[in-house]
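FYI, side chains are in, hydrogens and waters are out, and symmetry mates aren't considered; it's all heavy atoms of this structure. It should be emphasised that the depicted structure is a prediction, and the values quoted were computed from it without experimental measurement.
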Amino acid sequence: MEQEDQLNKLVLWNDDVNTFDFVIECLIEICGHTPEQAEQCTILVHYKGKCTVKTGTMDVLKPMHDKLISRGLTSEIV
């Protein structure tokens, strides 16, 4: 069994500032999502308030988190 406790989650939070298209674009560019994945995550963020957009090690997620923040999005690593 994999050691899942070493995996973290990159969580994207909803805001009232950024457009759907901008968030989708960021998820594709920064997190390597397909357009479909990015759209699904953006819809979840909008309706549920947050969505896990990526799981992985801290080394992988930290740069993504920093880039999302730098573009004005709200994310956290849990």
Side-chain angles (χ1 to χ4, degrees):
M1 185 174 142
E2 283 185 30
Q3 293 180 323
E4 286 186 41
D5 56 332
Q6 291 184 357
L7 287 182
N8 298 87
K9 294 177 184 170
L10 181 60
V11 178
L12 184 64
W13 290 84
N14 191 29
D15 63 48
D16 297 326
V17 185
N18 295 292
T19 64
F20 266 57
D21 288 341
F22 179 73
V23 175
I24 289 169
E25 187 182 300
C26 289
L27 289 174
I28 292 168
E29 282 181 32
I30 296 169
C31 299
H33 283 202
T34 65
E36 295 76 20
Q37 279 178 308
E39 191 175 346
Q40 290 285 309
C41 285
T42 303
I43 290 167
L44 283 170
V45 167
H46 181 72
Y47 288 107
K48 297 197 181 290
K50 64 178 181 174
C51 175
T52 299
V53 293
K54 204 80 173 170
T55 55
T57 61
M58 194 56 92
D59 292 347
V60 172
L61 298 183
K62 182 78 171 82
M64 291 181 185
H65 167 69
D66 292 342
K67 284 180 187 164
L68 290 171
I69 296 292
S70 74
R71 298 228 189 153
L73 299 174
T74 307
S75 72
E76 69 173 339
I77 299 173
V78 294

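Closest non-hydrogen pair, Thr52 versus Lys9, comes out as CG2-CB, 3.7 Å. Of all heavy-atom pairs between Asn18 and Gly72, the closest is ND2-O, 3.2 Å. Nearest heavy-atom pair, Gly32 versus Gln37, reported as atom, atom and distance to 0.1 Å: O-OE1, 4.3 Å. Taking all atoms of both residues into account, the shortest heavy-atom contact from Asn8 to Thr57 is OD1-C, 4.2 Å. When every heavy atom of Thr74 is checked against every heavy atom of Ile69, the shortest pair comes out as CA-CD1, 4.5 Å.
Distance CG/Leu73 to CG/Asn14: 10.5 Å, rounded to 0.5 Å. Atom CD1 of Ile30 sits about 6.0 Å away from atom OG of Ser70, to the nearest 0.5 Å. Interatomic distance, Glu25 CD to Thr42 OG1, rounded to the nearest 0.5 Å: 11.0 Å.
Taking the side chain as every heavy atom from C-beta outward, Cys31 and Leu10 approach each other to under 4.5 Å. Within the 4.5 Å cutoff, the side chain of Ile24 has no heavy atoms near those of the Pro35 side chain. The shortest side-chain heavy-atom distance between Leu12 and Leu27 falls under the 4.5 Å cut-off.
Contacts of Glu29 classified as salt bridge (Lys or Arg N to Asp or Glu O under 4.0 Å), with partners at least two apart in sequence or in another chain: Arg71. In this structure, Lys50 has no salt bridge (Lys or Arg N to Asp or Glu O under 4.0 Å) partners at least two apart in sequence or on a different chain. With sequence neighbours excluded, no residue forms a side chain to side chain contact (heavy atoms under 4.5 Å, CB included) with Gln40. Applying the ring-ring contact (aromatic ring centres under 6.0 Å, His included) test to Phe20 and every residue at least two apart in sequence or in another chain returns His46. Partners of Asp66 under the salt bridge (Lys or Arg N to Asp or Glu O under 4.0 Å) rule, at least two apart in sequence or in another chain, are Lys62.
Under the 4.5 Å side-chain heavy-atom criterion for grouping Ile, Leu, Val, Met, Phe, Trp and Tyr, Met64 is connected to Phe22 within one hydrophobic cluster. A single hydrophobic cluster is seen to contain both Val60 and Leu68, as judged by linkage of ILVMFWY side chains at heavy-atom distances under 4.5 Å, directly or through other members.
At most 12 heavy atoms of other shown residues, nucleotides or ligands fall within 6.0 angstrom of atom CD in Glu39.
Within the hydrophobic cluster formed by Ile, Leu, Val, Met, Phe, Trp and Tyr side chains joined at under 4.5 Å, directly or through other members, Val11 is accompanied by Trp13, Val78.
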